[in-house]
Amino acid sequence: MARKDEALNPDAPEAQLKQLKASQKAFKQEQKNQKKEAKRRAKELENQERELDEQIEGTNASVVVVTLFIIVIWLGIL
């Protein structure tokens with residue numbers, strides 16, 4: 001049995017179809033925006049990891065230099 005609104009308004013299925021298409025379009029746009037945001041965050045995390053790796057490498061180099069300096073001092077003392 002058809003609803004009373006549908007009987008009075010024959011364009012109701014078309015209106016529902018338009019509304020459905022609009023909501024699908026909005027959903028696809030939201031997904032697209034989420035993908036862009038995820039890519040941006042991934043790139044940002046990658047940059048942060050790269051910076052941390054550079055800091056660690058710099059720290060390792062300074063540890064080696066200080067260690068060698070201490071060894072040279074001890075050899076000088078002996």
Side-chain angles (χ1 to χ4, degrees):
M1 179 169 210
R3 290 185 0 196
K4 190 188 288 187
D5 295 344
E6 291 175 356
L8 296 176
N9 188 358
D11 295 333
E14 288 181 21
Q16 288 176 348
L17 184 61
K18 286 181 183 179
Q19 184 180 8
L20 179 62
K21 286 183 179 182
S23 64
Q24 285 176 338
K25 187 176 181 180
F27 178 72
K28 287 181 181 181
Q29 184 64 34
E30 181 64 27
Q31 282 184 328
K32 186 177 180 181
N33 290 340
Q34 287 176 353
K35 285 180 183 179
K36 284 182 182 180
E37 182 66 22
K39 285 181 182 180
R40 186 190 62 78
R41 287 181 182 170
K43 193 171 188 178
E44 185 177 310
L45 286 174
E46 183 180 327
N47 289 338
Q48 288 177 354
E49 286 179 9
R50 189 178 304 123
E51 288 176 7
L52 286 174
D53 288 343
E54 289 173 359
Q55 288 176 356
I56 290 172
E57 288 174 4
T59 303
N60 288 341
S62 63
V63 168
V64 169
V65 169
V66 169
T67 303
L68 290 175
F69 182 70
I70 292 172
I71 291 173
V72 168
I73 290 176
W74 276 103
L75 288 175
I77 291 173
L78 293 175

Trainee: Of the options Lys36, Gln34, Lys28, Lys35, which is the one that meets Lys32 in a side-chain contact (heavy atoms from CB on, under 4.5 Å)?
Mentor: Lys36
Trainee: Would Leu78 and Ile70 show up in the same hydrophobic cluster when neighbours are defined by side-chain heavy atoms closer than 4.5 Å?
Mentor: no
Trainee: Any ion pair linking Arg50 and Glu46 (charged N to carboxylate O, less than 4.0 Å)?
Mentor: yes
Trainee: For the atom pair NZ (Lys25) and CG (Leu20), what is the distance rounded to the nearest 0.5 Å?
Mentor: 13.5 Å
Trainee: Would Ile73 and Phe69 count as a side-chain contact (heavy atoms from CB on, under 4.5 Å) if you check the C-alpha gap in whole Å, the side-chain angles of each, and the deciding distance to 0.1 Å?
Mentor: CA-CA 6 Å; Ile73 290 176; Phe69 182 70; 3.2 Å; yes
Trainee: Can you tell me if Gln19 has over 12 outside heavy atoms packed within less than 6.0 Å of its CD?
Mentor: no
Trainee: Which other residues end up in the same hydrophobic cluster as Ile71, if Ile, Leu, Val, Met, Phe, Trp and Tyr are linked when side-chain heavy atoms come under 4.5 Å apart?
Mentor: Leu75
Trainee: Using the salt bridge (charged side-chain N to carboxylate O under 4.0 Å, His left out) criterion, which residues pair with Glu37? Sequence neighbours excluded.
Mentor: Arg40, Arg41
Trainee: Please answer: with hydrophobic residues joined when any side-chain heavy atoms are less than 4.5 Å apart, are Trp74 and Val66 in the same cluster?
Mentor: yes
Trainee: What pairs with Glu51 under side-chain contact (heavy atoms from CB on, under 4.5 Å), at least two apart in sequence or on another chain?
Mentor: none
Trainee: Show your working on side-chain contact (heavy atoms from CB on, under 4.5 Å) between Asn33 and Gln29 and close with a plain yes or no.
Mentor: CA-CA 6 Å; Asn33 290 340; Gln29 184 64 34; 3.4 Å; yes
